[in-house]
Number of protein chains: 2
Amino acid sequence: MTDLNKQDVYPSMKISNDRGSEKIEPVKLGQRLKEIRKSFGLTLEEASKKTGLARSTLSKIENEQISPTFQAMQKLTNGLQIDLPQLFAPPKQVSATGRRDITRNNEGKAHPTSTYEHELLATQLTNKKMMPFKSRIRARDFADYSDWIRHAGDEFLLVLSGEITFFSEFYEPVTLNEGDSVYYDANMGHMLISSSEEDALILWVTAS
Amino acid sequence: MTDLNKQDVYPSMKISNDRGSEKIEPVKLGQRLKEIRKSFGLTLEEASKKTGLARSTLSKIENEQISPTFQAMQKLTNGLQIDLPQLFAPPKQVSATGRRDITRNNEGKAHPTSTYEHELLATQLTNKKMMPFKSRIRARDFADYSDWIRHAGDEFLLVLSGEITFFSEFYEPVTLNEGDSVYYDANMGHMLISSSEEDALILWVTAS
DNA sequence: AGAAAAAGTTTCCTTTTGGAAACTTTTGGT
DNA sequence: ACCAAAAGTTTCCAAAAGGAAACTTTTTCT
């Protein structure tokens, strides 16, 4: 195999930035950590017990007097049960106004097709991590589809009413009734049909 | 005021750490870093110039002889133009068989509290991009909470039955009935109560 | 308000990291 | 194979992090 490297595959990852050490963006780790600890209602002492780091060390980290080692950070994330991404997470400014979008029943953005009738919810917000839909499933037959549906990301689906049969690439078809749900990798080929008399109503959410 | 903290009212925070790491995960940072550097076709010397870290230091980090400080890691990520998530959670295994998890009605993992009764869905899968819950809302009063609920990520909520009042930090309370949904930034303080006689049932999904 | 307890910060000292240079291993050319 | 250059590792020391305990501030009693 040729020595294909990331630069070939992912042009976006350009390393052309030749400036040795650019200005180090001051990710406010300490501040962030303090927020998290407080949000759990923990004192330094308690956090100390959970993480195995000294009270004093935690204090210094929170006040940005020291730069914790990776080891220390692992103790932090393990002890407090948080993810690293969460810690480094974007400057995360709580927007002054907050993001919120309410969609009333049947007032989403409709996308009807012969097999589905999708209603996109929360259309007012941009940069969402998830895309929620409510759909009416018209398809009654496997043959209503030309091929597996397949796309990036995770998908979660809950049956609101009716009965569907969920087909997927590596599994036997399965019947889902009201209240049943399925979570799957959308890269795996999938499709679904309504398997009762009526159309089925489902809620589904994607995230990538 | 009672010492009610987030963990009490919001047990999901505990389990939302779904990265499959209950115990001390030995993230092979050094190994991973070496992979990345090689994939860019960089020598230690070049990486050193880009990151501002000494050749020797890089070597020691890669061979896991030392645990880099947060500062050092920032230099790494800045200099090499990679982001932290990449460093920590890259194994990125696309399972050959496909990931899928079905949760039957009322068969999720329950987490009852006085105000909520959460049922975590899709408990079999790890590394999910979303965390789906079905919940029964018992709270009838604003005062059932000690403070706003606030955590990282986006949240989507759909009312399955009953009627809820959704309180959030920067908005007036709003009443949601069956079929209504709301999408919001979970960093924004929020909480909700059942505003009809019966308990309300909701579906909600978080993603961060 | 004052005392006691709890929470948080700073000091002091030990352990560990980070960097320059010496040293070893690998690669490339002849 | 040999030698030279490049790449990588280790040594040694200065600089910084981590922990125990002293100290200060804040909270919670009476």
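Throughout, protein chains are lettered first and strands after them, A, B, ... in sequence-line order, and every chain is numbered starting at 1.
With respect to the salt-bridge test (charged N to carboxylate O, under 4.0 angstrom), the residues A:R150 and A:E169 qualify. Note on A:D180 versus B:R104: salt bridge recorded, some NZ/NE/NH1/NH2 to OD/OE distance being below 4.0 Å. Contact check on A:R136 versus A:E119 returns no salt bridge, with no Lys/Arg side-chain nitrogen under 4.0 Å from an Asp/Glu carboxylate oxygen.
Rounded to a whole Å, the CD atom of B:E45 is 14 Å from the P atom of D:dT9. As a whole-Å value, the separation of B:L76 CG from C:dG19 P is 10 Å. D:dT10 atom P lies 15 Å from atom CD1 of B:I61, rounded to whole Å. Following rounding to the nearest Å, A:K38 (NZ) and D:dT27 (C1') show an atom-to-atom distance of 12 Å. To the nearest angstrom, P of C:dG8 lies 10 Å from CG of A:L42. One can place NZ of A:K49 at 15 Å from P of D:dG19, the figure rounded to the nearest angstrom. If you measure from atom CG of A:L58 to atom P of D:dA20, you get 12 Å, rounded to the nearest angstrom. Across the protein-nucleic acid pair, A:E64 atom CD and C:dT10 atom C1' stand 17 Å apart, rounded to whole Å.
Residue B:S59 has no polar side-chain atom (N or O) positioned under 4.0 Å from OP1 or OP2 of D:dG8. Contact check, A:N63 against C:dG8: no side-chain N or O comes under 4.0 Å of OP1 or OP2. Within the 4.0 Å cut-off from OP1 or OP2 of D:dA7, not a single side-chain nitrogen or oxygen of B:K34 is found. When the side-chain nitrogen and oxygen atoms of A:R37 are compared with OP1 and OP2 of C:dG8, one or more of them lie within a distance under 4.0 Å.
When distances are taken from the side chain of A:K75 to each of D:dG19, D:dG8, C:dG19, the shortest belongs to D:dG19. Considering only the side chain of B:L53, C:dG19 comes nearest among C:dG19, C:dT10, C:dT9. Side-chain proximity of A:T69 to the nucleotides C:dT10, C:dG8, D:dA17 is greatest for D:dA17. Minimum atom distance to the side chain of B:P68 is reached by C:dG18, of the listed C:dG8, C:dT9, C:dG18. Of the candidate nucleotides C:dG8, C:dG18, D:dG8, C:dG8 has the atom lying nearest to any side-chain atom of A:L44.
Among the atoms of the strands shown, none is found under 4.0 Å from any heavy atom of A:E62. Heavy atoms of B:Q65 sit under 4.0 angstrom from primed sugar atoms or phosphate atoms, though from no base atom. Heavy atoms of B:T43 sit under 4.0 angstrom from primed sugar atoms or phosphate atoms, though from no base atom.
A:D101 and A:Q124 make their closest contact through OD2-N, 2.6 Å (heavy atoms, listed as atom of the first residue, atom of the second, distance).
Between A:F166 and A:Y184, the distance separating the two ring centers is shorter than 6.0 angstrom. In this structure, the ring of A:F167 has its center no less than 6.0 angstrom from the ring center of A:H190.
Taking for each of B:K60 and B:R55 the nucleotide of DNA chain C with the nearest heavy atom, the 5'-most of the two is the partner of B:K60.
A donor-acceptor contact under 3.5 Å links the side chain of B:S56 to the base of C:dA20.
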